[in-house]
Amino acid sequence: QQLNDSKGVAFTYNNIGIANKNLGNYTEALKNQLLALKIFEKINDKEGLASAYLNIGIAYKIQGNYNEALKNYQQSLLLVEEFGDKQLSATLYSNIGNVYSQQGDYPAALKNQLAALKNHQELGNRGGIATVYNSIGNIYAQTNDLHEALKNYQKSLEITKELDNKKGLSTAHNNIGTVNKNLGHN
């Protein structure tokens with residue numbers, strides 16, 4: 001702080017918040033993210049603000065405070081769309097969709113996952129596309145539209161095979177198995 005590097009101090013708080021989140025210290029993570037947010041606001045750093053809002057949203061989501069998570073994700077998304085970062089926009093749409101899904105608002109969840117999918121497709125981000133297809137499959141499974149769920153899980157599986165993504169393959173196979181079981185297939 002003695003160097004009067006406000007942006008550097010804000011990113012340091014942001015990174016300390018991320019580290020605390022990864023260690024499971026969610027209260028400490030949130031405290032540091034909020035400190036970063038205040039500095040980014042003071043210096044009017046929109047990219048820094050978007051990052052801080054995203055990380056604050058993640059901390060709230062982990063704590064089960066979905067309304068605050070949504071509020072922060074949406075604030076981040078507004079900023080991100082101003083400076084045009086499609087990758088971060090896709091992440092935010094997907095995060096928003098996941099929160100809506102956890103709240104049982106499946107139409108809003110699907111709308112946001114489809115926006116994430118569009119951005120990932122425009123970027124050619126195959127890993128992101130696979131993840132979003134899985135999330136869309138989850139939405140359909142939760143609404144008991146098992147055939148649509150299966151279609152999306154299979155799309156995710158195809159891509160994860162191409163990418164040799166072992167975790168994605170495991171998730172897709174598990175979800176496909178669950179749907180097939182629920183459909184009465186062996």
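Counting begins at 1 with the first residue of the sequence. Computation of the quantities below employed the complete heavy-atom set of this structure, encompassing side-chain atoms and omitting hydrogens, waters and symmetry-equivalent molecules.
In this structure, the side chains of Y100 and L70 come closer than 4.5 Å at one or more pairs of heavy atoms. Counting only heavy atoms from C-beta outward, the side chains of V179 and H185 never approach each other to under 4.5 Å. Residues N72 and Q75 form no side-chain contact, since every pair of their non-hydrogen atoms from C-beta on lies 4.5 Å or further apart. By the 4.5 Å heavy-atom criterion applied to side chains, Y26 and K21 are counted as neighbours. Counting heavy atoms from C-beta outward, K161 and L169 have side chains that approach closer than 4.5 Å. A 4.5 Å side-chain heavy-atom check between I136 and V132 finds at least one atom pair inside the cut-off. A heavy-atom distance below 4.5 Å is not found between the side chains of L49 and D45.
Between I176 atom CD1 and H173 atom NE2 the span is 6.5 Å, to the nearest 0.5 Å. With values rounded to the nearest 0.5 angstrom, L114 atom CG is found 7.5 Å from I139 atom CD1. Interatomic distance, N112 CG to L117 CG, rounded to the nearest 0.5 Å: 12.5 Å. A distance of 11.0 Å separates CG of N180 from CG of N175, quoted to the nearest 0.5 Å. The line from OG1 of T178 to CG of L146 is 10.5 Å long, rounded to the nearest 0.5 Å. Interatomic distance, CG of N134 versus OH of Y153, reported as 6.0 Å (0.5 Å rounding).
S76 approaches A50 most closely through the heavy-atom pair OG-O, 2.7 Å. Nearest approach of F40 to A52, heavy atoms of both residues: CD1-CB, 4.1 Å. Contact record, K61 with Y66: O-CE2, 3.8 Å, taken as the closest heavy-atom pair. The nearest pair of heavy atoms linking I159 to I129 is CD1-CG2, 3.4 Å. Residues A141 and A149 share a closest heavy-atom pair of N-CB, 3.6 Å. Heavy-atom minimum distance, A36 versus A10: CB-O, 3.3 Å.
For the pair T171 (side chain) and K167 (backbone), a donor-acceptor distance under 3.5 Å is present. N32 contributes a side-chain N or O that, together with a main-chain N or O of E28, makes up a donor-acceptor pair within less than 3.5 Å. Within the 3.5 Å criterion, the main-chain N or O of L157 finds a donor-acceptor partner in the side chain of T160. Although no hydrogens or angles enter the test, the distance criterion places no donor-acceptor pair under 3.5 Å between the side chain of S156 and the main chain of N152. Although no hydrogens or angles enter the test, the distance criterion places a donor-acceptor pair under 3.5 Å between the side chain of N55 and the main chain of S51.
Hydrophobic clustering keeps F83 apart from L78 (ILVMFWY residues linked when any side-chain heavy atoms are closer than 4.5 Å, directly or through intermediates). Residues I62 and L92 are members of one and the same hydrophobic cluster, defined by side-chain heavy-atom contacts under 4.5 angstrom among Ile, Leu, Val, Met, Phe, Trp and Tyr. Residues L150 and Y140 fall into different hydrophobic clusters, defined by Ile, Leu, Val, Met, Phe, Trp and Tyr side chains chained together at heavy-atom separations under 4.5 Å. Linking ILVMFWY residues whenever their side-chain heavy atoms come closer than 4.5 Å, directly or via other members, places F11 and L37 in the same cluster. Linking Ile, Leu, Val, Met, Phe, Trp and Tyr whenever their side-chain heavy atoms come within less than 4.5 Å leaves L35 and I16 in two separate clusters.
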Check: residues 101-111 side-chain donor-acceptor pairs under 3.5 Å, at least two apart:
from: S101; atom 1: OG; to: Q142; atom 2: OE1; distance (Å): 2.7
from: Q103; atom 1: NE2; to: N67; atom 2: OD1; distance (Å): 3.1
from: D105; atom 1: OD1; to: A108; atom 2: N; distance (Å): 3.3

Checking side chain to side chain contact (heavy atoms under 4.5 Å, CB included) for the pair L77/Y73: CA distance, chi angles, key distance, verdict? CA-CA 6 Å; L77 185 59; Y73 287 154; over 6 Å; no

Candidate pair Y13 and Q33, rule side chain to side chain contact (heavy atoms under 4.5 Å, CB included), full reasoning: CA-CA 6 Å; Y13 280 128; Q33 296 299 342; over 6 Å; no

Go through it in stages, so that I can follow the logic: the residues are E158 and K155, the test is salt bridge (Lys or Arg N to Asp or Glu O under 4.0 Å), and I'd like the CA-CA distance, side-chain angles, deciding distance and then a yes or no. CA-CA 5 Å; E158 277 179 42; K155 288 178 184 178; over 6 Å; no

Using the rule given for side chain to side chain contact (heavy atoms under 4.5 Å, CB included), can you reason through R126 versus H120, listing the C-alpha separation, both sets of side-chain angles and the distance that settles it, and then say yes or no? CA-CA 7 Å; R126 304 287 288 155; H120 283 306; over 6 Å; no

Any chance you could lay out the side chain to side chain contact (heavy atoms under 4.5 Å, CB included) test for N95 and L54, step after step, and finish with the verdict? CA-CA 9 Å; N95 287 4; L54 167 62; 3.5 Å; yes

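Ion pair K7/D5 not flagged as a salt bridge, since none of the NZ, NE, NH1 or NH2 atoms sits closer than 4.0 Å to an Asp/Glu carboxylate oxygen. A salt bridge is absent between K38 and E41: the closest approach of a Lys/Arg side-chain nitrogen to an acidic carboxylate oxygen does not fall below 4.0 angstrom. Looking at E68 and K71, a side-chain N of the basic residue comes within less than 4.0 Å of a carboxylate O on the acidic one, giving a salt bridge.
Annotation: ring pair (Phe, Tyr, Trp, His ring centres under 6.0 Å) contacts of Y53 (sequence neighbours excluded): none.
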